[in-house]
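Taking it in order: structure first as structure tokens, then the write-up.
Residues take their numbers from the sequence shown, with the count starting at 1.
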Amino acid sequence: MKLQFYILLLCLLFISTNCKQKPETSANEQGVMVETPPDTKKPNIVIIYLDDLGYGDLGCYGATALKTPHMDALANGGVKFTNGYATSATCTPSRYGLLTGVYPWKNKQAKILPGTAPLIIDTTQLTLPKLLKKQGYQTGIVGKWHLGLGIGDVDWNKTVSPGPNQVGFDYSYIMAATQDRVPTVYIENGQVDGLDPNDPIQVDYETNFEGEPTAITHPELLTMKWHHGHNNSIVNGIPRIGFMKGGEAAKWRDSDMADHFLKGAQDYVKKHKDEPFFLYYAMQQPHVPRTPHPRFVGSSGLGPRGDVIVEADWVVGEFVKTLEQEGILENTLIILSSDNGPVLNDGYYDDAVEKLGEHDPNGGLRGGKYSLFEAGTRVPFITYYKGTIKPKVSDALVCQLDVLASIAHLIGAEEIASDSQNLLNTFFGQSDEGREDLIIEATTRTALRSGDWLMIPPYEGKAFEEQVGIETGNSDAYQLYNLKNDMGQKYNLAASNTKILEDLITKFERVRGKDYNTIEQLELK
């Protein structure tokens, strides 16, 4: 009996040992053997996307006046990229590039959109949520959309379609455009949340509705003063871009927005924690109007802009805490970034300039939102995957375009978009190799980042936009900067490095074409 018992025990041990899936190894594009997690459970994927957050706005990127411990914790526990880029220096194009893996300048409609713009993603087009949905993922978006809705004439009192649900998201809870644009309502799966059918919504971006107050006609109703644009309909005492009538019960409270979207993101996680999910958590901070919850008013000492960044950091901490409490943090890949660089005065007087103090939202970079200079598109970019990604600072050149192809590789999908590159090993900190070239864009103007160099072609238009206080990058001559030696772009080397300039122009035109001078001038609303 003893012999039979030991034989049985050895058999069970053999079966148990061989049934455990071991990590596989494979050669990456550089020929280095890397370990990939066993395919026992697909990782959840979360993209936390901030709005107008600058390269220098986080402690982990050098900020000292602002405290951002929760976002810093992700950077310190994952890969912090020093050369991480949005595709564009404004919001709509960057979001298009992130979700489609396609350069936004290839879509002429991928520019700053009004709240009434039609959907600019073709419903037949490959998108990140579609890719994941085909692999068995639940897909959701909570937060800012700003990629258009409907086909050009939206009736906000009926189901709004097409929208996020028609381009791959199983669930969507969004604001249509931006916090400073009408309609100022939340939309859940195409339906305005909380709408009273007896108080229908009307929206127009050209003509006001008879009798409706505006910032021009009724300045006494304002609790926030407008600087440029932003002088149409008034909601919660804040003047907006565009005209809106009705929908009173459905209108959001600006100071509650961060909490509201946080709860939506947390609820989504709790509902789908037992199945692989993708969540695109598109936060509104620190875009205007900056309306921190009373808990955070005065928390930064830098005025409302600083306060909403502190609020955003707290939100990120609460969201990550939820992943941990639900027992799925170690099976969740988090990518945190921003849609473009910073701007201080973007349409309202809110002390962003006056209370800036020693804080540098650009982190030593030149330009800002709307600009072809580095601060327009180089942004915080962090990948975090507890227990899988080891802490690292990477100088590799990466772009939000590359998320799609990289995630496709992670989950074993073959479909990729034309401009997206598989940089999964780089995102996981297993390689120092990034992309060689990147076309960046700012309000229809484009430039080339190649290796350590940035080449900006000549463009007509103002070199400095006074209303927002930002250099645009426009010049009547070619500009060439060595970013490794001159991060702040103080020295234009075009005249002294003609061979490099010629090579980069050739490379740029090979990708971009020679019609890149057909541009639209920046129009601030």
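The number of heavy atoms from other shown groups lying within 6.0 Å of CZ (Arg295) is above 12. Crowding of Asp515 atom CG: a count of heavy atoms from other residues, nucleotides or ligands under 6.0 Å exceeding 12.
No side-chain heavy atom of Leu448 sits under 4.5 Å from any side-chain heavy atom of Arg512. Looking only at side-chain heavy atoms (C-beta outward), Asp402 and Arg435 come within less than 4.5 Å of each other. In this structure the side chain of Leu401 never reaches within 4.5 angstrom of the side chain of Gln421, judged on heavy atoms. Using a 4.5 Å heavy-atom threshold, the side chains of Val308 and Pro292 count as touching. The shortest distance between side-chain heavy atoms of Gln430 and Leu424 does not fall below 4.5 Å. Residues Val182 and Ile241 are not in side-chain contact: their nearest non-hydrogen atoms beyond the backbone lie 4.5 Å or more apart. Annotation: side chain of Phe428 is not in contact with side chain of Val79 (no heavy-atom distance under 4.5 Å). You'll find the side chain of Ile48 stays beyond 4.5 Å of the side chain of Ile335, heavy atoms only.
By the side chain to side chain donor-acceptor pair (under 3.5 Å) test, Asp346 pairs with Lys369, Tyr370, sequence neighbours left out. Judged as a side chain to side chain contact (heavy atoms under 4.5 Å, CB included), and not counting sequence neighbours, the contacts of Pro43 are Tyr137, Asn331, Tyr385, Leu410. Take Asp204 and apply the side chain to side chain donor-acceptor pair (under 3.5 Å) test, not counting sequence neighbours, and it matches no residue. Listed by chain and number, the residues in a salt bridge (Lys or Arg N to Asp or Glu O under 4.0 Å) with Asp350 are Arg290 (sequence neighbours excluded). Remark: Lys271 engages no residue in a side chain to side chain contact (heavy atoms under 4.5 Å, CB included) (not counting sequence neighbours). Residues that satisfy the side chain to side chain contact (heavy atoms under 4.5 Å, CB included) test with Ser88, not counting sequence neighbours, are Pro93, Ser94, Pro104, Glu441. Under the side chain to side chain donor-acceptor pair (under 3.5 Å) criterion, Ser418 pairs with no residue at all, not counting sequence neighbours. A search for side chain to side chain contact (heavy atoms under 4.5 Å, CB included) contacts involving Lys386 returns Glu324, Leu329, Glu330, Tyr384, not counting sequence neighbours.
Under the 3.5 Å distance criterion, with hydrogens and angles disregarded, no donor-acceptor pair is assigned to the side chains of Asn231 and Arg240. Between the side chains of Thr159 and Gln191, at least one donor N or O sits under 3.5 Å from an acceptor N or O. When only modelled atom types and interatomic distance are considered, Ser300 and Asp307 share a side-chain donor-acceptor pair under 3.5 Å.
Lys80 forms a cation-pi arrangement with Tyr61, by the criterion of a distance under 6.0 Å to the ring centre and an angle within 45° of the ring axis. Cation-pi geometry between Arg95 and Trp145 is not met at under 6.0 angstrom from the ring centre and within 45 degrees of the axis.
Each salt bridge (charged side-chain N to carboxylate O under 4.0 Å, His left out) pair with one or both residues in residues 162-176, not counting sequence neighbours, appears once here: Lys133-Asp170. For residues 100-114, the salt bridge (charged side-chain N to carboxylate O under 4.0 Å, His left out) pairs, not counting sequence neighbours, are Lys106-Asp419, Lys111-Glu520. Within the structure, ring-ring contact (aromatic ring centres under 6.0 Å, His included) contacts touching residues 170-201 (residues at least two apart or in different chains) are Tyr173-Tyr186, Tyr173-His260, Tyr186-Trp252, Tyr186-His260, Tyr186-Phe261. Contacts classified as salt bridge (charged side-chain N to carboxylate O under 4.0 Å, His left out) and involving residues 178-188 (residues at least two apart or in different chains) are not found.
Looking only at distances, no side-chain donor or acceptor of His287 sits under 3.5 Å from a matching main-chain atom of Gln285. Side-chain atoms of Asn362 never come within 3.5 Å of backbone atoms of Ala375 as a donor-acceptor pair (strictly under, hydrogens ignored). Remark: side-chain polar atoms of Lys130 are paired, donor with acceptor, to backbone N or O of Thr123 under 3.5 angstrom. No donor-acceptor distance shorter than 3.5 angstrom exists from the side chain of Asp313 to the backbone of Val310, with no hydrogens or angles considered.
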**Message:** side chain to side chain contact (heavy atoms under 4.5 Å, CB included), that's the test. Do Gln135 and Lys42 meet it? Break it down for me.
**Reply:** CA-CA 9 Å; Gln135 296 293 319; Lys42 293 178 179 178; 3.7 Å; yes
* To do: Apply side chain to side chain contact (heavy atoms under 4.5 Å, CB included) to Val142 and Leu279, showing your working.
  => CA-CA 8 Å; Val142 172; Leu279 175 62; 4.1 Å; yes
For Thr443 and Gln521: C-alpha separation, side-chain torsions, deciding distance, then whether side chain to side chain contact (heavy atoms under 4.5 Å, CB included) applies.
CA-CA 7 Å; Thr443 59; Gln521 293 301 322; over 6 Å; no
### Task
Would you sort out whether Asn232 and Thr214 count as a side chain to side chain donor-acceptor pair (under 3.5 Å), showing the intermediate values?
CA-CA 5 Å; Asn232 300 149; Thr214 70; over 6 Å; no
Assess the residue pair Ser337 and Gln400 against the criterion (side chain to side chain donor-acceptor pair (under 3.5 Å)); give the C-alpha distance rounded to whole Å, side-chain angles, the decisive distance to 0.1 Å, and a yes or no. CA-CA 8 Å; Ser337 196; Gln400 293 162 12; 2.9 Å; yes
* To do: Please lay out, stage by stage, how Phe277 and Thr139 fare under the test side chain to side chain contact (heavy atoms under 4.5 Å, CB included).
  => CA-CA 6 Å; Phe277 67 81; Thr139 58; over 6 Å; no
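Exactly one of Thr184, Thr223, Asp254, Thr291 qualifies for a side-chain hydrogen bond (donor to acceptor under 3.5 Å, both in side chains) with Asn236. That residue is Asp254. For the side-chain hydrogen bond (donor to acceptor under 3.5 Å, both in side chains) with Asn340, the lone residue among Thr90, Thr87, Asp52 that qualifies is Asp52.
The two residues Asp196 and Ala249 make their nearest non-hydrogen contact at CB-CB, 4.5 Å. Contact record, Tyr49 with Asp339: OH-CA, 3.4 Å, taken as the closest heavy-atom pair. Heavy-atom minimum distance, Gly168 versus Thr127: CA-OG1, 4.5 Å. The two residues Ala396 and Phe81 have their closest heavy-atom pair at O-CD2, 4.1 Å. Nearest approach of Ser371 to Ile470, heavy atoms of both residues: CB-CG2, 3.9 Å. The two residues Ala89 and Thr377 come nearest to each other via the heavy atoms N-CG2, 3.6 Å.
A salt bridge does not link Asp259 to Lys263: none of the charged side-chain nitrogens sits closer than 4.0 Å to a carboxylate oxygen.
Between Tyr281 and Phe319, the angle of the ring planes lies from 30° to 60°, which puts this pair in the tilted group. Below 30°, between 30° and 60°, or above 60°: for Phe278 and Tyr280 the angle between ring planes is below 30°, a parallel geometry.
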